[in-house]
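FYI, side chains are in, hydrogens and waters are out, and symmetry mates aren't considered; it's all heavy atoms of this structure.
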Amino acid sequence: RSASRAGSGWSAPVRARGRGRVSAADRARHAARALASGRPALDDGPVDGDDAQALVGRTLGERFELLALIGQGGMGAVYRARDRELDEVVALKVIRADLARQATILARFRHEVKLARRVTHRNVARIFEAGTLDGVAFFTMELVEGEALAMRLRVQGRLTVAQAVAVALDVLDGLAA
């Protein structure tokens with residue numbers, strides 16, 4: 001699995017110190033810290049103070065049925081969702097309501113989605129669309145099935161050097177895209 005795949009539970013945006021661009025070295029250091037810790041890179045947090053699990057079973061705009069909570073972090077929560085219009089299962093990320101009410105945050109969110117849509121790489125989940133339905137700001141992306149690295153580390157413990165190198169190379173390949 002790649003660190004940039006939906007639902008992995010261990011990806012996070014990386015910001016360069018005082019610069020507009022993020023260097024590959026900064027991204028690699030961030031990815032290495034997340035890998036080494038065995039914990040998600042984002043702290044778990046509520047969606048606007050409510051339990052994110054409470055949205056499971058809800059349908060947004062009569063289109064996206066939220067089937068299960070995959071994970072949550074500082075910006076919001078990610079759900080396994082059925083797109084009723086296309087009859088496909090996707091990952092749907094909702095932005096926390098308190099953040100969605102801030103124009104600058106929402107503009108940044110939309111800008112990041114636009115930039116992410118330009119990235120095409122086997123180790124990066126594809127972004128499909130962004131919008132607001134029923135007052136909930138969201139974007140949909142490719143749902144990648146498989147084991148999260150954090151879960152593998154909990155079950156298996158430390159990775160062998162060969163396994164760690166393979167994961168790191170996959171992460172770096174995706175970041176380079």
When you compare the side chain of [Y] with that of [X], does any pair of heavy atoms fall below 4.5 Å?
X: Val89; Y: Arg80; value: yes
X: Phe109; Y: Phe139; value: yes
X: Ile105; Y: Ile95; value: yes
X: Met75; Y: Leu99; value: yes
X: Glu145; Y: Leu143; value: yes
X: Leu159; Y: Leu149; value: yes

Roughly how far apart are [X] [atom1] and [Y] [atom2], rounded to 0.5 Å?
X: Leu60; Y: Thr140; atom1: CG; atom2: OG1; result: 11.0 Å
X: Phe138; Y: Leu66; atom1: CZ; atom2: CG; result: 10.0 Å
X: Lys114; Y: Arg110; atom1: NZ; atom2: CZ; result: 9.5 Å
X: Lys93; Y: Tyr79; atom1: NZ; atom2: OH; result: 12.0 Å

> Can you check salt bridge (charged side-chain N to carboxylate O under 4.0 Å, His left out) on Glu65 and Arg84, steps first, answer last?
Replying inline: CA-CA 7 Å; Glu65 179 184 357; Arg84 291 178 170 180; 3.8 Å; yes
Where do [X] and [Y] come nearest, in terms of heavy atoms and distance?
X: Gly61; Y: Leu133; value: N-CB, 4.1 Å
X: Gly76; Y: Arg96; value: CA-CG, 3.7 Å
X: Leu92; Y: Ala81; value: CB-CB, 3.9 Å
X: Ile127; Y: Ala116; value: CG1-CB, 3.7 Å

>> Restricting to side-chain hydrogen bond (donor to acceptor under 3.5 Å, both in side chains), what partner residues turn up for Glu129, sequence neighbours left out?
In response: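 Checked Glu129 against side-chain hydrogen bond (donor to acceptor under 3.5 Å, both in side chains); matches are Arg63.
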> If you measure from the Lys or Arg side-chain nitrogens to the Asp or Glu carboxylate oxygens, is any gap between Arg82 and Glu88 under 4.0 Å?
Replying inline: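 A salt bridge is absent here (no side-chain N lies under 4.0 Å from a carboxylate O).
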> When Ile, Leu, Val, Met, Phe, Trp and Tyr are grouped by side-chain heavy atoms lying under 4.5 Å apart, directly or through other members, which residues fall in the same group as Met151?
Replying inline: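 Val155, all in the cluster of Met151.
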>> Please enumerate all residues that pass side-chain contact (heavy atoms from CB on, under 4.5 Å) together with Thr160, with sequence neighbours excluded.
In response: Ala162, Gln163
